[in-house]
Amino acid sequence: MEELWIFCEVCDEECPHEVLKSRTSSNRGFSFQGVVKCLECNATRSAEIREEPPLKLRLRLSDDNQTQKNILNVDKGVILKVGDTRPHPDGLILITGLEIGNKRPSQAFSEDNPVVWAKKSTHAKIRFAIHEGESTISIKQEFEAREEFRVGMKVRIEGQMARIKAINLFGGKLVKMAYAIEISRVTCVYEKNRRK
């Protein structure tokens, strides 16, 4: 039995409907014409559904030091925001930037046709800037996307303990706590007893 969730005028809400007879097309979006029966009140009626095809936005998907050109399918009227996650055939992605002409807004409507900059969001490579006396060491290390980092927290970097002094998000904002997927850079100092 084929079912559709659509609005029922008798029940005055969205309900499951059994499809009795149908004709569908996906040439330009999705369209359905047919006869349906509400599974709540048993009312039978004809129904027509038309959905526009999704917009194909240009996507720049980063994976460490490589950026690939790709496409992101989004419905019209959707607000895209820096920091939001979106489904993608390659897995969940995190929007790290939006570009419209020469502007970099923090959010945009899908019909504004922005170029979407994103990265995969299952794991995140965090750039650590570790200050040691007069020098600064730069190290990248991979963590699970939802791992939490806080200022003052100790973290093991390449086998040595370091204390977090600052956390920068994409866009430069300084925060006290963030998830790995949101972080652009973490500034640390090695613990004094690291060689013991």
Side-chain angles (χ1 to χ4, degrees), residues 54-75 78-110 112-196:
L55 298 169
K56 293 184 182 299
L57 302 180
R58 291 170 292 166
L59 175 66
R60 303 296 180 258
L61 190 56
S62 299
D63 187 10
D64 199 16
N65 293 332
Q66 293 183 327
T67 301
Q68 299 173 341
K69 291 183 178 182
N70 212 315
I71 297 291
L72 180 64
N73 291 317
V74 182
D75 290 331
V78 171
I79 297 176
L80 300 166
K81 295 180 184 175
V82 173
D84 282 357
T85 54
R86 301 239 1 125
H88 187 266
D90 291 342
L92 207 58
I93 60 170
L94 173 78
I95 298 173
T96 57
L98 298 166
E99 187 179 319
I100 302 172
N102 60 359
K103 295 179 182 169
R104 292 284 206 153
S106 61
Q107 67 179 41
F109 283 100
S110 55
D112 293 337
N113 201 25
V115 176
V116 179
W117 293 82
K119 67 178 186 172
K120 295 179 183 178
S121 70
T122 53
H123 286 81
K125 284 192 179 171
I126 297 178
R127 193 173 82 227
F128 289 91
I130 307 158
H131 298 300
E132 188 173 31
E134 297 282 321
S135 64
T136 300
I137 303 163
S138 184
I139 297 172
K140 278 191 178 180
Q141 195 165 312
E142 190 170 282
F143 294 89
E144 294 228 353
R146 301 305 294 169
E147 190 161 337
E148 188 177 289
F149 290 84
R150 291 179 315 282
V151 170
M153 172 179 159
K154 290 181 186 176
V155 63
R156 187 172 297 279
I157 303 167
E158 293 187 342
Q160 297 182 44
M161 294 304 289
R163 185 174 298 277
I164 296 174
K165 293 293 182 186
I167 299 171
N168 288 78
L169 302 183
F170 291 99
K173 184 177 178 185
L174 275 169
V175 294
K176 298 283 186 196
M177 187 283 297
Y179 292 109
I181 195 69
E182 305 168 317
I183 298 172
S184 168
R185 186 181 73 239
V186 172
T187 305
C188 302
V189 291
Y190 280 126
E191 287 289 279
K192 296 269 191 261
N193 62 356
R194 71 184 187 279
R195 306 234 189 273
K196 289 184 183 177

Exercise for review: Ignoring hydrogens and angles, tell me if any N or O in the side chain of Gln141 forms a donor-acceptor pair with the backbone of Glu158 under 3.5 Å.
Suggested key: yes
Check your understanding: If we only count heavy atoms from C-beta on, is the Asp75 to Pro54 side-chain gap below 4.5 Å?
Key -> yes
Practice item. Working to the nearest 0.5 Å, report the span between CG of Leu80 and CD1 of Ile95. Key: 5.0 Å
Check your understanding: Side chains of Ile139 and Ile130: closer than 4.5 Å at any heavy-atom pair?
Key -> yes
**Study point:** Glu182 and Val175, any side-chain heavy atoms less than 4.5 Å apart
**Key:** no
Check your understanding: Do you know the tightest heavy-atom contact between Pro114 and Leu57?
Key -> O-CB, 4.0 Å
Review point. Between CG of Leu169 and OG of Ser184, what distance do you get to the nearest 0.5 Å?
Key: 8.5 Å
Check your understanding: Around Glu147, counting heavy atoms of other residues, nucleotides and ligands shown, do more than 12 lie under 6.0 Å from its CD?
Key -> yes
Practice item. For atom CZ of Phe143, decide whether the heavy atoms of other residues, nucleotides or ligands shown that lie under 6.0 angstrom number more than 12. Key: yes
Review point. To the nearest 0.5 Å, what is the distance between CG (Leu174) and CD1 (Ile167)?
Key: 9.5 Å
Exercise for review: Check the pair Met153 / Arg163 against side-chain contact (heavy atoms from CB on, under 4.5 Å), numbers first and verdict last.
Suggested key: CA-CA 6 Å; Met153 172 179 159; Arg163 185 174 298 277; over 6 Å; no
Point to revise | Side-chain heavy-atom pair Thr85, Ile181 within 4.5 angstrom cut-off | key: no
Review point. Is the backbone of Lys69 close enough, under 3.5 Å, to the side chain of Arg60 for a donor and an acceptor to pair up by distance?
Key: no
Review point. Can you tell me how far CD1 of Ile137 sits from CD1 of Ile157, rounded to the nearest 0.5 angstrom?
Key: 9.5 Å
Practice item. Give a yes or no on whether Gln68 atom CD has more than 12 heavy-atom contacts from other residues, nucleotides or ligands under 6.0 Å away. Key: no
Review point. Taking all non-hydrogen atoms of both residues, which atom of Arg104 and which atom of Trp117 are closest, and how far apart?
Key: NH1-CD1, 3.6 Å
Exercise for review: Apply side-chain contact (heavy atoms from CB on, under 4.5 Å) to the pair Val155 and Val186, showing each step before the final yes or no.
Suggested key: CA-CA 11 Å; Val155 63; Val186 172; 5.9 Å; no
**Study point:** Separation of Ile183 CD1 from Glu148 CD (nearest 0.5 Å)
**Key:** 9.5 Å
Review point. Rounded to the nearest 0.5 Å, how far does OG1 of Thr96 lie from CG of Leu61?
Key: 9.0 Å
Point to revise | Heavy-atom check, side chain of Leu98 versus side chain of Val116, under 4.5 Å | key: yes
**Study point:** Side chain proximity check, Leu59 to His88, heavy atoms < 4.5 angstrom
**Key:** yes
Exercise for review: Measure from the side-chain N and O atoms of Ser106 to the backbone N and O of Val82, and report whether any donor-acceptor pair falls under 3.5 Å.
Suggested key: no
Review point. Considering only heavy atoms from C-beta outward, does the side chain of Ile126 approach that of Phe149 to under 4.5 Å?
Key: yes
Check your understanding: Which atom names give the shortest non-hydrogen contact between Arg146 and Tyr179, and what distance separates them?
Key -> O-CD2, 3.1 Å
Review point. Checking side-chain contact (heavy atoms from CB on, under 4.5 Å) for the pair Thr187/His131: CA distance, chi angles, key distance, verdict?
Key: CA-CA 8 Å; Thr187 305; His131 298 300; 3.2 Å; yes
Review point. Leu94 and Gly83: which non-hydrogen atoms are nearest, and at how many Å?
Key: CD1-O, 3.2 Å
